[in-house]
Amino acid sequence: MKNAITAFGFSLFSLMLPSEARAYDLDFSNLYVFGDSLSDPGNVFNISKAGNQVNPTIPIIPQSPPYFQGRFSNGPIWVDYLADALDIEVKRSADLSVVLPESPILSPITITPDGPRVSFFFNGATTNQSVNFAFGGSQAGLAGLGEFGALLPGLLTQVAGFTNDLIVSDQIGDPNALYILWSGANDYQSADPPNPTQVVGNIQTAVNSLYNFGARNFLVLNLPDLGKIPLSLRLGSVLSTGLTDLTDQHNSLLDSTLNLLSQSLADINLISFDANNLFNQILTNPGNFGFTNVTEGCLDETTFIACANPDEFVFWDSIHPTTASHQILAESTIALLKSQEKSESESVPEPASSASLGMIGLAWLFRKQLNKSC
């Protein structure tokens, strides 16, 4: 039984990650991703585009461009960079779903008497390859946030879609895969935010469910300070402070919950990444990471005109990070995964500085160009 490893302290003044932390030969056979817009590779874009063809009043979200290929950013997101650095191809769940169980017809939506709904039938397609189930707007429970929130699969629905596919295929989850969970931010953006106990309880249920189906390697991220995103700052100090308090409560409870899981579940490899700490370091010392603006989004969400220097902005819009921020997160999670594999002791990796990010970004672009030429 392995204890949860958490990335807490970082050195801010390293120009490069240690070479051993950049050797991306991690022994994960597949990646499975569950979460919200911070990890969504285009699932919401695909279902909203399909829904718009049936009902033109359904908006296509996010508008691409200026958003990048259906992602909630101006470029690849952190799980894109992570997957490419590990040389693992990850499919969008919306590209694998079928209209009805046992149907051969691929479709991200199912037409019902009440209108189009997200399809979560896969006929076994998610069980033998890497899949990203994350949907923008999803919450940690069964559904999501906003006008179309009831149509979105929340974290528990995403996990259930995968485990049901295992049942259909009479298989267990790949024990050598890495299962990534990052959820909870949208729960606290609602008009009546829930108690963090409920949100963290849903994340715990998701981990337990995946574990019971054979998953053993987990990467779980806590929340950045929701009170410091541009939207919260714009809405005033009372709301901002309240969201900071909710973030702190969530993260404290999540930390104790993950520690309990790591001690009670046999053979689990539960890795906890402190995204909150990394985010706060970037806000405190933005120049160390190549940023000049940490309080505003680069994109004007009224005109959809972007700033001229997005790589100097932490945020792409009022909520979501730029691809430059996603690169930093990817490098830091890779360093943590590598340090955990290298030693059973709680070694602490350094975060990526701006000088180390070109390598992973170029790797992503090179692979995309190679795929286009094949």
Side-chain angles (χ1 to χ4, degrees), residues 1-10 26 28 31-36 38-39 78-79 82 133-134 138-141 154-156 158-159 162-163 173 175-188 194-226 245-280 329 332-349 351:
M1 178 171 62
K2 299 182 180 179
N3 292 328
I5 285 187
T6 308
F8 283 114
F10 295 106
L26 296 168
F28 298 119
L31 291 178
Y32 292 97
V33 183
F34 306 89
D36 53 30
L38 295 173
S39 305
W78 75 283
V79 286
L82 174 62
F133 294 88
S138 76
Q139 297 175 317
L155 178 68
L156 294 182
Q158 295 169 27
V159 170
F162 175 61
T163 56
N176 298 314
L178 179 64
Y179 297 81
I180 299 174
L181 294 88
W182 195 10
S183 184
N186 289 321
D187 293 79
Y188 303 114
N195 188 303
T197 302
Q198 176 184 342
V199 182
V200 173
N202 286 333
I203 297 173
Q204 180 180 10
T205 298
V207 172
N208 274 320
S209 179
L210 290 166
Y211 176 87
N212 288 337
F213 275 86
R216 289 298 179 266
N217 303 303
F218 294 87
L219 174 64
V220 182
L221 293 80
N222 68 6
L223 296 181
D225 188 342
L226 300 177
D245 290 342
L246 281 172
T247 302
D248 290 342
Q249 294 174 43
H250 173 97
N251 289 344
S252 177
L253 185 57
L254 180 65
D255 183 55
S256 60
T257 299
L258 295 180
N259 281 330
L260 178 63
L261 288 172
S262 71
Q263 294 168 20
S264 60
L265 299 178
D267 299 320
I268 193 170
N269 178 25
L270 182 52
I271 305 164
S272 173
F273 184 82
D274 192 352
N276 184 274
N277 182 47
L278 177 61
F279 177 65
N280 285 337
L329 176 58
S332 298
T333 54
I334 290 168
L336 176 62
L337 291 170
K338 188 61 185 178
S339 70
Q340 191 273 344
E341 182 186 65
K342 182 180 177 182
S343 174
E344 293 291 335
S345 64
E346 293 193 4
S347 57
V348 181

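This one's a predicted model, so the numbers in the text were calculated from it and none came from an experiment.
Atom CG of Leu278 sits about 4.5 Å away from atom OG of Ser332, to the nearest 0.5 Å. Put simply, CG on Leu336 and CD1 on Ile271 are 6.0 Å apart, with the number rounded to the nearest 0.5 Å. Interatomic distance, OG of Ser209 versus CG of Leu156, reported as 8.5 Å (0.5 Å rounding). One finds the OG1 atom of Thr197 at 11.0 Å from the CG atom of Asn202 (value rounded to the nearest 0.5 Å).
Between Tyr32 and Phe162, the two ring planes are tilted [angle within 30° to 60°].
Closest approach of Val159 and Ala206 over heavy atoms only: CG2-CB, 3.9 Å. Pairing each heavy atom of Tyr211 with each of Phe218, the nearest pair is N-CZ, 3.8 Å. Across all their heavy atoms, Trp78 and Ser39 have their closest contact at NE1-OG, 3.2 Å. Contact detail for His250 and Tyr188: the closest heavy-atom pair is ND1-OH, 2.9 Å. Ser138 and Gly35 get closest at one heavy-atom pair: OG-O, 2.8 Å.
No option in Leu221, Leu210, Leu219, Val33 other than Leu210 meets the side chain to side chain contact (heavy atoms under 4.5 Å, CB included) test with Leu181. Evaluated for a side chain to side chain contact (heavy atoms under 4.5 Å, CB included) with Thr257, the options Asn259, Leu253, Leu260 yield exactly one hit, Leu253.
For the residue pair Asn276 and Asn280, a side-chain donor N or O sits within less than 3.5 Å of a side-chain acceptor on the partner. A side-chain donor from one of Asn269 and Gln340 sits under 3.5 Å from a side-chain acceptor of the other. Using modelled atom types and a 3.5 Å distance limit, the side chains of Asn222 and Asp274 yield a donor-acceptor pair.
Gln139 contributes no side-chain N or O that, together with a main-chain N or O of Gly154, makes up a donor-acceptor pair within less than 3.5 Å. Put simply, the side chain of Ser262 never gets that close to the backbone of Leu270: no donor and acceptor are under 3.5 Å apart. Looking only at distances, no side-chain donor or acceptor of Ser252 sits under 3.5 Å from a matching main-chain atom of Asp248. With hydrogens and angles disregarded, a donor-acceptor distance shorter than 3.5 Å links the side chain of Asn217 to the backbone of Pro175.
For Asp245, the side-chain contact (heavy atoms from CB on, under 4.5 Å) partners two or more places apart in sequence, or in a different chain, are Thr241, Gln249. Legend: residues meeting side-chain contact (heavy atoms from CB on, under 4.5 Å) with Ser183, ordered by chain and number and at least two apart, are Ala140, Leu155. Looking at residues two or more places apart in sequence or on another chain, you find no ring pair (Phe, Tyr, Trp, His ring centres under 6.0 Å) involving Phe213.
With a 4.5 Å cut-off on side-chain heavy atoms, Thr333 and Ile180 do not count as touching. By the 4.5 Å heavy-atom criterion applied to side chains, Leu246 and Leu226 are not counted as neighbours. Side-chain contact check for Phe279 versus Asp225: some heavy-atom pair is nearer than 4.5 Å.
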**Message:** Assess the residue pair Leu329 and Leu38 against the criterion (side-chain contact (heavy atoms from CB on, under 4.5 Å)); give the C-alpha distance rounded to whole Å, side-chain angles, the decisive distance to 0.1 Å, and a yes or no.
**Reply:** CA-CA 11 Å; Leu329 176 58; Leu38 295 173; over 6 Å; no
